[in-house]
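To keep things clear, I will list the structure first and then write my remarks on it.
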Amino acid sequence: MQTRPDRILMVLPRARLVRKAVDAGYRVWSVWDPVRRDAAERGDVARYSEGVLTADLTDESALRALVVRAAREHGIAHVMYLGGGVGMRPVLEEAHRLGLSANPPQAHQLLGDRAALCELLDGHSRLSVRFRRVEQQSKLPDAVKELGGHPVVVGSLARDVDRRPVLAPGPGALDAWAGRTPGPYLVEEFLAGPQYTVSTLSVDGMHQVVGITATRTGGPPHFVALEHVHPAPLGEREGAEIRSAVCALLDLAGFEHGPADTTVVLTGTGPRIVSSRPGFSRDGIPLLLRLARGIDLEAAFFQTLTLGGCLPHTDAVRTAAVGFFQLPPGRLTAVTGLDDIRALPHVHALRFPFRPGDLVPATADGATVHGLVVVDGADADEAAERLATVRRLLRAEFEPAP
């Protein structure tokens with residue numbers, strides 16, 4: 001099959017990634033599933049794409065055929081499904097079979113699956129996290145005992161259920177959660193310590209830690225992110241330990257090329273990997289890297305496809321932070337202050353997805369956060385003060401949810 005090095009097939013891309021690929025000199029064909037993306041974004045994706053191919057990502061055989069057909073018809077040289085989700089496995093397997101993927105499919109599957117990640121690190125002298133697979137609810141207490149007792153982190157491994165891990169501080173909470181959650185289960189030791197998000201870019205098996213971002217989370221059960229601050233206030237030793245841990249993980253997974261996003265907890269005995277996924281960091285972190293370091297990681301990734309090599313090292317010259325809004329659940333009746341926030345010179349992004357009349361849900365994960373703001377400052381203290389100012393300016397009124 002004849003390929004052209006400037007041609008990319010992207011599955012479920014965000015419009016800005018298509019645009020940055022085009023800016024880097026590539027021609028992009030996009031695979032779109034209207035069930036899994038907001039229809040409003042399709043026009044932006046189409047604007048930068050050579051063509052938009054509609055697909056049902058749950059139809060595995062049709063999806064495989066589409067990848068093969070598009071690759072042959074358009075001379076595709078790179079097939080990308082950054083991140084994970086429905087359809088990832090068949091897309092990456094076909095791409096690998098055609099020689100159009102820089103990573104073996106199992107690398108993405110290992111990084112994107114929490115249970116597989118635990119097994120990958122099992123027995124590693126520095127990175128292993130104690131865990132147990134449990135088939136039945138009745139066996140959960142035994143697993144907890146083997147791990148040293150509560151608190152533990154638990155999650156379901158069943159298909160088509162909420163697989164978000166939760167903290168079970170005691171037997172009562174564990175029984176209540178398991179009573180409404182089907183098994184089998186993954187039970188992990190609770191890792192106590194500050195949390196960090198590590199953004200990396202790999203090129204031909206060489207892993208570069210582009211940035212380490214401190215993440216402040218809320219309490220149990222889900223520990224939803226409240227703030228990200230970049231650069232993370234870390235000592236030289238702690239930073240080196242985190243970088244070493246993440247690069248070791250990527251080596252173990254066989255991850256060769258592209259961006260990855262890894263969550264690390266710095267425990268009293270060193271860094272431990274909480275989760276990892278191929279793809280760019282989310283929650284505004286790419287913007288933090290650009291504001292603090294002048295690095296556009298997304299644009300740099302497309303440059304490495306042809307130029308190769310690592311990014312030049314850049315020290316952070318500013319501090320940048322993402323703050324997530326925390327609103328009470330209920331029906332929004334009025335909101336003010338958004339224009340005042342946008343007018344602040346140190347505000348670089350603002351997202352508030354609600355209008356009066358909308359029902360604001362309780363925050364349970366990253367998909368249900370109540371919007372965010374991105375600020376910069378001379379240092380972490382100034383960035384924190386500016387986030388506090390924004391939160392004071394946002395005034396929302398509610399009536400109780402029905």
Side-chain angles (χ1 to χ4, degrees), residues 13-26 48 80 82-83 196-204 206-216 225 227-236 238-240 242-243 246-247 250 257-264 278-324 341-351 372-387 390:
R14 294 295 182 184
R16 72 173 185 278
L17 290 182
V18 182
R19 174 177 55 80
K20 289 180 180 181
V22 172
D23 288 345
Y26 291 94
Y48 301 109
M80 297 180 184
L82 297 171
Y196 301 92
T197 301
V198 184
S199 305
T200 56
L201 184 61
S202 301
V203 180
D204 297 328
M206 298 294 292
H207 314 299
Q208 181 178 5
V209 174
V210 180
I212 303 175
T213 302
T215 298
R216 184 171 71 87
E227 290 179 4
H228 296 301
V229 178
H230 186 87
L234 280 168
E236 184 174 337
E238 290 83 1
I242 290 174
R243 289 191 292 271
V246 172
C247 292
L250 297 174
H257 200 109
D261 173 84
T262 304
T263 300
V264 176
F280 298 105
S281 298
R282 295 176 285 195
D283 292 347
I285 290 177
L287 178 55
L288 300 190
L289 296 174
R290 183 159 59 83
L291 292 172
R293 296 182 180 274
I295 295 175
D296 187 333
L297 182 57
E298 296 167 338
F301 163 63
F302 293 108
Q303 295 171 5
T304 66
L305 290 178
T306 51
L307 299 179
C310 295
L311 300 179
H313 173 76
T314 59
D315 293 321
V317 296
R318 302 281 288 172
T319 294
V322 177
F324 298 93
I341 294 170
R342 291 189 183 95
L344 294 173
H346 50 261
V347 169
H348 298 274
L350 174 66
R351 180 165 63 85
L372 60 83
V373 64
V374 177
V375 304
D376 74 333
D379 52 31
D381 289 339
E382 185 173 61
E385 291 172 2
R386 290 174 169 179
L387 284 179
V390 168

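Just so it is clear, the structure is predicted and the values come from calculations on it, not from any experiment. Throughout, residue positions are numbered sequentially from 1 according to the sequence presented.
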Apply side-chain contact (heavy atoms from CB on, under 4.5 Å) to Val373 and Val347, showing your working.
-> CA-CA 7 Å; Val373 64; Val347 169; 3.9 Å; yes

Could you state the interatomic distance from [atom1] ([X]) to [atom2] ([Y]), rounded to the nearest 0.5 Å?
| X | Y | atom1 | atom2 | result |
| --- | --- | --- | --- | --- |
| Leu387 | His346 | CG | NE2 | 8.5 Å |
| Leu288 | Arg293 | CG | CZ | 11.0 Å |
| Leu297 | Gln208 | CG | CD | 9.0 Å |
| Gln303 | Lys20 | CD | NZ | 11.0 Å |
| Arg16 | Arg19 | CZ | CZ | 9.0 Å |

Would you please test Ile295 and Arg290 for side-chain contact (heavy atoms from CB on, under 4.5 Å) and show each step?
-> CA-CA 5 Å; Ile295 295 175; Arg290 183 159 59 83; over 6 Å; no

Would you name the heavy atoms of [X] and [Y] that are closest together and state the gap between them?
| X | Y | value |
| --- | --- | --- |
| Leu305 | His257 | CD2-NE2, 3.9 Å |
| Thr319 | Ala380 | OG1-N, 3.5 Å |
| Ala214 | Pro233 | CB-CD, 4.0 Å |
| Gly258 | Phe301 | CA-CE1, 3.6 Å |

4.5 Å side-chain heavy-atom contact, [X] and [Y]:
| X | Y | answer |
| --- | --- | --- |
| His230 | Ile285 | no |
| Val374 | Arg351 | no |
| Asp283 | Leu372 | no |
| Leu350 | Arg342 | yes |

Full working for side-chain contact (heavy atoms from CB on, under 4.5 Å) between Thr215 and Thr263 = CA-CA 9 Å; Thr215 298; Thr263 300; over 6 Å; no

Main chain of [Y], side chain of [X]: is a donor-acceptor contact present, judged purely on distance under 3.5 Å?
| X | Y | result |
| --- | --- | --- |
| Glu238 | Leu234 | no |
| His228 | Arg216 | no |
| Tyr26 | Phe302 | yes |
| Asp296 | Glu298 | yes |

Are Arg243 and Ile212 close enough, and set up right, to give a side-chain contact (heavy atoms from CB on, under 4.5 Å), and what steps lead you there?
-> CA-CA 8 Å; Arg243 289 191 292 271; Ile212 303 175; 4.0 Å; yes

With distance as the sole criterion, is a donor-acceptor pair present between the side chains of Thr197 and Ser281 under 3.5 Å?
-> no

